[in-house]
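Counting begins at 1 with the first residue of the sequence.
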Amino acid sequence: MALDRATGLAESARALAAGEVTSRALVEQSLERIAASQGSLNAFRVVRAEAALAEADAADRELAAGVRGPLLGVPVAVKDDMDVAGEPTAFGCQGEFPAVAQDGEAVRRLRAAGAVVVGKTNTCEFGQWPFTEGPAFGATRNPWSTEHTPGGSSGGSAAAVAAGLVPAALGSDGAGSVRIPASWTHLIGIKPQRGRISTWPRGESFQGITVNGTLARTVADAALLLDAASGNHDLDPHRPPAVDASGAVGRDPGRLRIALALKPPFTALPARLQPEVRAKVVELAEKLAALGHTVEEADPPYGQIGLTFIPRATVGLAERVGEAPFPALLDRRTRDAARLGRLLGGAPLRAARRSEAVLHRRIGGFLTSYDVILAPTTAAPPPRIGSMLKLGGLATDRAMIAACPFAWPWNVLGWPGVNVPAGFVGQGLPVGAQLLGPAHSEPLLVSLAAQLEAELRWHEAWPPAREIATDSPAA
């Protein structure tokens, strides 16, 4: 028996456990779809065809012996900033990278749950930008329109899931890098609490602003992958209390107080919510009100939160650049931002880290009046391929902030956020909205997202097949 591309993570796991399909058949299907779409979508940097088939055969032997696991035999993908034993971790950079010896903690936990990692997905250089392009691998394209980006920096994972190449994938989110591509490819994207999914072998990634998260077509699948990947290495500095995200999927969230936050947080560069995106987010707010929630416009007191983000982001980038084996091959924008990070690595960084507690108190105070914030994930639909690739540093910053001014504050706070599909604008381009909550609020956000999904059935929409399997160039 074969399963079609609409079969999700949970259903694949169920069919495997019931003996209705083999892991080898599912992995072969996934690899065939990857191969057929690589010329049009270019979602993968590394495809583990031989290794994945061997792991699928091992999973089938376990299943036949009566062994069961949450994801035993299910194919998944991970972003190419995560270590997979025996594979290189290039993180969007040019050059030939050596294979790493050990799985990162998140990948180790996925394997412990039984998942088969079929490959590593494309990401822009060190995950800096909301597009997934570069000289190292070409351009990763959006399954809904291959003339447009799937977003970034987890664009490869988003494209792979949106096209049905894998049922779910891990990404990472340092300024919206799970939520932005989820919004631009019509997916659920969960950015969990800092430390929920380990970033080990780094105790902190980008000075704590970057976390690992999940992308899937349904809330249940995104929550299942979150539960499977969650947990900590013994040396992790952030160890949040465990939550049961999957258990929250069918739970009534109750009547919630929801703040509709449509104003972008202050940045030094201009940002404006495009009217067509605003209209879609407002429609979601109206749906939430119809479901019995109290929704009112109110913006969190972000203040000058951007001043705390820049030192952490640039110092984190400088750390990565300092380890890069081929610094001469890095994008000039990367080198310039790392230079700034080296300047901000002393007192400015310490001040930025200290201010997090102040922001927790201030924005936490706002969240005593509201349970959840509903905000746009982006200010605009996905840009065209190439529109940001050749820009200079300041022009890139302007374009990024104009398109994506809403996501990054929750990275400073380290709190959970979930992108949900908000519909389509223009010529059928997806946009999304964020459900944002206080510390450790993944179950609340998941239950609310699932309630919306039950009403709106967004997972029933698929990208046009002609966009996915063509012979158009990847770059």
Quiz prompt | Presence of salt bridge, Arg361 and Glu356, under 4.0 angstrom | solution = no
Quiz item: How about His186 and Trp458: are their ring centroids closer than 6.0 Å?
Solution: no
Practice problem: Evaluate the side-chain hydrogen bond (donor to acceptor under 3.5 Å, both in side chains) criterion for residues Lys79 and Ser154: first the C-alpha distance (whole Å), next the side-chain angles of each, then the deciding distance (0.1 Å), finally the verdict. | Solution: CA-CA 7 Å; Lys79 184 177 177 178; Ser154 305; 3.0 Å; yes
Self-check item: Shortest non-hydrogen contact from Arg333 toward Leu389
Solution: NH2-O, 2.8 Å
Quiz item: Cut-off 3.5 Å, side chains only: do Gln128 and Thr334 have a donor facing an acceptor?
Solution: yes
Quiz item: Taking atom CG of Leu340 and atom CD1 of Ile310, what is their separation to the nearest 0.5 Å?
Solution: 7.5 Å
Exercise. Check the side chains of Gln451 and His293 for a donor-acceptor pair under 3.5 angstrom, ignoring hydrogens and angles.
Key: yes
Self-check item: Arg196 side chain to Pro241 backbone, donor-acceptor under 3.5 Å
Solution: yes
Exercise. Could you tell me how the ring of Phe131 sits relative to the ring of Trp129: parallel (under 30°), tilted (30 to 60°) or perpendicular (over 60°)?
Key: parallel
Exercise. Compare every heavy atom of Pro201 with every heavy atom of Gly104, then report the nearest pair and how far apart it is.
Key: CA-CD, 4.2 Å
Quiz item: Just wondering, do Ile190 and Val446 contact through their side chains at under 4.5 Å, heavy atoms?
Solution: yes
Quiz item: With a 4.5 Å heavy-atom cut-off, do Tyr370 and Thr294 have their side chains touching?
Solution: no
Quiz item: Do Pro300 and Arg362 have side-chain heavy atoms sitting under 4.5 Å apart?
Solution: no
Quiz item: Less than 4.5 Å apart, any side-chain heavy atom of Leu262 and any of Val282?
Solution: yes
Self-check item: Contact summary for Trp184 and Cys404, nearest pair of heavy atoms
Solution: CH2-SG, 3.7 Å
Quiz item: Is there a donor-acceptor pair under 3.5 Å between the side chain of His148 and the backbone N or O of Leu429?
Solution: no
Quiz item: Is it true that His440 and Trp415 have ring centroids separated by less than 6.0 Å?
Solution: no
Quiz item: Can you tell if the side chain of Pro421 reaches within under 4.5 Å of the side chain of Ile188, non-hydrogen atoms only?
Solution: yes
Exercise. Heavy atoms only: give me the nearest Ala422-Ala433 pair and the separation to one decimal.
Key: CB-N, 4.1 Å
Quiz prompt | Atom pair CZ/CZ of Phe91 and Phe97 - distance to nearest 0.5 Å | solution = 11.0 Å
Exercise. For the pair Arg257 (side chain) and Thr368 (backbone), establish whether a donor and an acceptor sit closer than 3.5 Å, ignoring hydrogens and angles.
Key: yes
Quiz item: Which one of Arg108, Arg109, Arg111 satisfies the salt bridge (Lys or Arg N to Asp or Glu O under 4.0 Å) criterion with Asp103?
Solution: Arg111
Quiz item: Of the options Val219, Val420, Val249, Leu448, which is the one that meets Glu453 in a side-chain contact (heavy atoms from CB on, under 4.5 Å)?
Solution: Val219
Quiz item: Take atom CZ in Arg239; do more than 12 heavy atoms of anything else shown fall under 6.0 Å from it?
Solution: yes
Practice problem: Check whether the side chains of Ser205 and Arg320 place a donor and an acceptor atom closer than 3.5 Å, and report yes or no. | Solution: yes
Quiz item: Is Leu288 close to Leu260 at the side-chain level, that is, under 4.5 Å between some pair of heavy atoms?
Solution: no
Exercise. Would you check if there is a donor-acceptor pair between the side chains of Ser183 and Thr377 at a distance under 3.5 Å?
Key: no
Quiz item: About how many Å separate CG of Leu110 and CE of Met82, when rounded to the nearest 0.5 Å?
Solution: 8.5 Å
Quiz item: Are the side chain of Gln434 and the backbone of Pro376 linked by a donor-acceptor contact shorter than 3.5 Å?
Solution: yes
Exercise. Give the C-alpha distance, both sets of side-chain angles, the deciding distance and a yes or no for side-chain contact (heavy atoms from CB on, under 4.5 Å) between Glu455 and Leu452.
Key: CA-CA 5 Å; Glu455 290 288 320; Leu452 271 174; 5.7 Å; no
Quiz item: Looking at side-chain heavy atoms only, is the closest gap between Trp408 and Ile305 below 4.5 Å?
Solution: yes
Quiz item: If you round to the nearest 0.5 Å, how far is CG of Leu256 from CG of Leu291?
Solution: 10.5 Å
Quiz prompt | side-chain contact (heavy atoms from CB on, under 4.5 Å) between Phe44 and Leu165, intermediate numbers included | solution = CA-CA 10 Å; Phe44 282 81; Leu165 312 184; 4.1 Å; yes
Quiz prompt | Arg179 side chain vs Ala407 backbone, donor-acceptor pair below 3.5 Å | solution = yes
Practice problem: In sequence, state the C-alpha distance, the side-chain angles, and the governing distance for Arg353 and Glu204, and then conclude on salt bridge (charged side-chain N to carboxylate O under 4.0 Å, His left out). | Solution: CA-CA 13 Å; Arg353 296 296 305 247; Glu204 287 193 325; 2.8 Å; yes
Quiz item: What's the spacing between Leu226 CG and Leu170 CG if we round to 0.5 Å?
Solution: 9.5 Å
Quiz item: Any donor and acceptor pair, going by atom type alone, linking the side chain of Asp236 with main-chain N or O of Gly203 inside 3.5 Å?
Solution: no
Quiz item: Charged N to carboxylate O below 4.0 Å: is that the case for Glu283 and Lys287?
Solution: no
Quiz item: Among Asn419, Asn411, Thr214, which residue meets the side-chain hydrogen bond (donor to acceptor under 3.5 Å, both in side chains) test with Asp173?
Solution: Asn411
Quiz item: How far does CD of Glu147 sit from CD1 of Ile385, to the nearest 0.5 angstrom?
Solution: 8.0 Å
Quiz item: Does a donor on one side chain and an acceptor on the other come within less than 3.5 Å for Lys191 and Ser177?
Solution: no
Self-check item: Any donor-acceptor pair under 3.5 Å from Gln207 side chain to Val315 backbone
Solution: no
Exercise. Count the heavy atoms belonging to other residues, nucleotides or ligands that lie under 6.0 Å from CD of Glu323, then report whether that count exceeds 12.
Key: yes
Quiz item: Can you name the nearest heavy-atom pair linking Leu215 to Ala182, along with the distance?
Solution: CD2-CB, 3.8 Å
Quiz prompt | Side-chain donor-acceptor contact under 3.5 Å, Gln94 with Glu125 | solution = no
Exercise. Assess whether side-chain contact (heavy atoms from CB on, under 4.5 Å) is satisfied between Thr89 and Lys120, documenting all intermediate values.
Key: CA-CA 9 Å; Thr89 301; Lys120 303 185 74 180; 3.0 Å; yes
Quiz item: Judged by atom type as modelled, is there a donor-acceptor pair below 3.5 Å linking the side chain of Arg217 to the main-chain atoms of Ala461?
Solution: yes
Practice problem: Using modelled atom types only, decide if a donor and an acceptor are shared between the side chain of Thr121 and the backbone of Gly156 within a distance under 3.5 Å. | Solution: no
Quiz item: Is a salt bridge present between Glu133 and Lys390, judged by a nitrogen-to-oxygen distance below 4.0 Å?
Solution: no
Quiz prompt | Ala136 versus Gly92, closest heavy-atom pair with distance | solution = CB-O, 3.6 Å
Quiz item: Going by distance alone, is a donor N or O of one side chain under 3.5 Å from an acceptor N or O of the other, for Ser198 and Asn232?
Solution: no
Quiz item: Quick one: are the ring centres of Phe126 and Phe206 less than 6.0 Å apart?
Solution: no
Quiz prompt | Any donor-acceptor N/O pair, Asp221 side chain to Ala216 backbone, under 3.5 Å | solution = no
Quiz item: Do Val107 and Val78 have side chains that get closer than 4.5 Å, going by heavy atoms?
Solution: yes
Exercise. Establish, from distance only, whether the side-chain atoms of Ser172 and Asn212 form a donor-acceptor pair under 3.5 Å.
Key: no
